[in-house]
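Keep in mind that the numbers below use all heavy atoms, side chains included, and drop hydrogens, waters and symmetry copies. Protein chains get the first letters and strands the later ones, always in sequence-line order, with residue 1 at the start of each.
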Number of protein chains: 2
Amino acid sequence: MRIGELAATAGVTTKTIRYYESAGVLPAPARQASGYREYDHRAVDRLAFVKAAQAAGLTLAEIVDVVSARESAGAPCAHVAAVLEQHAHDLERRIAELTTLLTQVRQLSARAKTLHPDQCTPAQVCHLIPTA
Amino acid sequence: MRIGELAATAGVTTKTIRYYESAGVLPAPARQASGYREYDHRAVDRLAFVKAAQAAGLTLAEIVDVVSARESAGAPCAHVAAVLEQHAHDLERRIAELTTLLTQVRQLSARAKTLHPDQCTPAQVCHLIPTA
DNA sequence: GTAGACGTTCCAGTGCGGGGGAAGGTCAAG
DNA sequence: CTTGACCTTCCCCCGCACTGGAACGTCTAC
């Protein structure tokens with residue numbers, strides 16, 4: 001199949017497929033005499049994997065890591081597991097940061113409802129956000 | 001004070017100060033005869049505000065919005081409050097998304113510990129990440 | 001033979017928040 | 001007078017994951 005059909009099947013654009021090839025998540029396919037890229041079902045599987053891995057929060061660079069480990073050393077399950085574990089940690093940290101931030105923003109919003117505008121000084125820009 | 005001293009006082013780089021000026025969060029300062037930028041204490045206050053607003057999760061564009069409202073229409077508290085409220089909503093949504101993601105990643109990690117590598121098929125790249 | 005649907009390469013841009021470095025002007029100290 | 005620190009403007013660069021467009025080649029149908 002050619003790139004357009006692959007794109008339609010996988011639900012991505014042809015641009016994305018070429019980009020993935022340049023990024024290393026898709027292997028360079030065979031070429032027809034015309035120079036057109038020629039794909040088989042493995043490319044469909046690979047694109048499905050990429051989408052699933054992205055949905056799990058992996059970056060393209062991490063996916064490259066995983067698929068290249070797959071190609072060079074067989075089943076990369078341990079590698080994938082490590083990447084996932086790292087990602088879980090990152091997510092937890094990020095969620096904690098955002099939760100702290102949300103608390104702060106909520107406090108500022110609460111202050112917005114109890115203070116009067118004439119309590120602003122020019123140095124503060126707005127009393128809602130403490131500069132200290 | 002000149003830009004270097006302001007930068008040291010505020011804890012940013014001179015690059016950042018010029019960038020902020022171009023972005024509209026800092027007003028264009030007076031110039032010395034030499035062409036050097038000449039700042040006073042208000043610039044220090046403003047930079048402190050920008051840092052505080054960034055810590056509260058506002059983007060530079062939103063800060064521009066707030067400070068220009070301040071300069072054109074006096075105390076922008078209601079405006080700031082609306083921006084904060086919007087931000088709180090965004091944060092809640094983002095936290096919910098990340099929490100969902102974390103659950104998925106945790107499930108995959110759990111599977112990694114119960115499955116064997118020889119259950120991988122090439123089409124899957126790795127059984128840890130379902131492609132269906 | 002020609003239209004148009006598809007393919008190719010390469011270059012450039014998006015949004016965010018700056019950072020790097022060149023080429024040159026200014027200022028204080030020794 | 002020269003050195004070195006500081007300042008100026010200018011334009012390009014980063015990561016991230018693409019997307020858009022130009023200019024050109026190829027294939028199929030009428």
How many Å lie between [atom1] on [X] and [atom2] on [N], as a whole number?
| X | N | atom1 | atom2 | result |
| --- | --- | --- | --- | --- |
| Glu21(A) | dG7(C) | CD | P | 14 Å |
| Tyr19(B) | dG15(C) | OH | P | 11 Å |
| Arg31(A) | dT8(C) | CZ | C1' | 8 Å |
| Leu58(B) | dG15(C) | CG | P | 19 Å |
| Glu5(A) | dT28(D) | CD | P | 13 Å |
| Ile3(A) | dT26(D) | CD1 | C1' | 15 Å |
| Ile17(A) | dG7(C) | CD1 | C1' | 12 Å |
| Gln32(B) | dG25(C) | CD | P | 18 Å |

OP1 or OP2 of [N] versus the side-chain N and O atoms of [X]: is any pair under 4.0 Å?
| X | N | answer |
| --- | --- | --- |
| Arg18(B) | dG17(C) | no |
| Thr13(B) | dG19(C) | yes |
| Ser34(B) | dT8(D) | no |
| Gln54(B) | dG18(C) | yes |
| Arg2(B) | dC6(D) | no |
| Thr16(A) | dT19(D) | yes |

Nearest heavy atom decides the nucleotide; on that basis, is Ala61(B) or Gly35(B) closer to the 5' end of DNA chain C?
Ala61(B)
Any donor-acceptor N/O pair under 3.5 Å between dG25(C) base and Tyr36(B) side chain:
yes
Choosing from [options], which nucleotide comes nearest the side chain of [X]?
| X | options | value |
| --- | --- | --- |
| Thr59(A) | dC7(D), dG18(C), dA17(D) | dA17(D) |
| Leu60(B) | dG18(C), dT8(D), dT8(C) | dG18(C) |
| Arg37(B) | dG18(C), dT9(D), dT8(C) | dT9(D) |

Is there a path of hydrophobic side-chain contacts, each under 4.5 Å between heavy atoms of I, L, V, M, F, W or Y residues, that connects Tyr36(A) with Leu47(A)?
no
Quick one about Thr13(A) and Thr16(A) (side-chain donor to acceptor, distance below 3.5 Å, no hydrogens or angles considered), yes or no?
yes
Sugar-phosphate only, base, or nothing, as touched by Glu38(A) at under 4.0 Å among non-hydrogen atoms
nothing
Find which nucleotide of DNA chain D each of Gly4(B) and Lys15(A) is nearest to by heavy atoms, and output the residue with the more 5' nucleotide.
Gly4(B)
Closest contact, heavy atoms only, Arg2(B) versus Tyr39(B)
C-CD1, 4.2 Å
Heavy atoms only: give me the nearest Gln54(A)-Leu60(A) pair and the separation to one decimal.
NE2-CD2, 3.9 Å
Where the side chain of Glu38(A) meets the backbone of Met1(A), is there a donor-acceptor pair that is under 3.5 Å apart?
yes
Counting only N and O atoms by type, is there a donor-acceptor contact under 3.5 Å from the side chain of Glu62(B) to the main-chain atoms of Thr59(B)?
yes
